[in-house]
K.L.:
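Can you keep this structure in mind? I'll have questions shortly.
Predicted model, so just to flag it, every value in this text is computed and none were measured. The first residue of the sequence shown is numbered 1, and numbering continues consecutively from there. When reading the values below, keep in mind they use all heavy atoms of this one structure, side chains included, and skip hydrogens, waters and symmetry mates.
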Amino acid sequence: MTTETTGNNTRWWCGVADLAGVSLEEAALGLERIHLSIADETFNVLEAIPVTRPVSEPVRLMHHGISRLSYRSVALLGRGLNAAAGFGLQSRP
């Protein structure tokens, strides 16, 4: 295997990692938006019911906070993978 082939192979894998990182980040953020909008429908119904109204908003805030933390952690992982791929591409001639 020549140096040129090895370099191209590394660039290819860095490109795959770059694509995977961007895809992971965008998918996580998109799913977060969908998840929260569906959850808001349920919380809006709970807010309309007098018995559940007092606890609806605190539970919504907790749910949304935990969901955002989870989805954005996955998005951050994707961004990190993307940055690592970019670093790998820059270190190559």
K.L.:
How close do D18 and A85 get, counting heavy atoms only, and between which atoms?
P.N.:
N-CB, 3.5 Å
K.L.:
I need the R72 CZ to L29 CG distance, nearest 0.5 Å.
P.N.:
7.0 Å
K.L.:
Look up atom CD in E32 and atom OG in S37, then write down how far apart they are to the nearest 0.5 Å.
P.N.:
10.5 Å
K.L.:
Using a 3.5 Å distance criterion without hydrogens, assess whether the side chain of R53 forms a donor-acceptor pair with backbone atoms of A48.
P.N.:
yes
K.L.:
Okay, side chain of S56, backbone of T52: is any donor-acceptor separation there less than 3.5 Å?
P.N.:
no
K.L.:
How long is the span from the CG atom in L61 to the CD1 atom in I66, to the nearest 0.5 Å?
P.N.:
11.0 Å
K.L.:
Quick one: pull up CG in N82 and CG in L76 and give me the separation to the nearest 0.5 Å.
P.N.:
11.5 Å
K.L.:
Under the criterion side chain to side chain donor-acceptor pair (under 3.5 Å), which of H64, R68, H63 is the partner of H35?
P.N.:
H63
K.L.:
Taking all non-hydrogen atoms of both residues into account, name the closest pair between L36 and S67 and its distance.
P.N.:
CD2-CB, 3.9 Å
K.L.:
Any side-chain heavy atom of D40 within less than 4.5 Å of one from R60?
P.N.:
yes
K.L.:
Using every non-hydrogen atom in the two residues, find where G21 and L81 come nearest and quote the distance to one decimal.
P.N.:
N-CD2, 3.8 Å
K.L.:
For the residue pair V74 and A28, what are the closest heavy atoms and their distance?
P.N.:
CG1-CB, 3.9 Å
K.L.:
Is the shortest side-chain heavy-atom distance between L69 and S73 below 4.5 Å?
P.N.:
yes
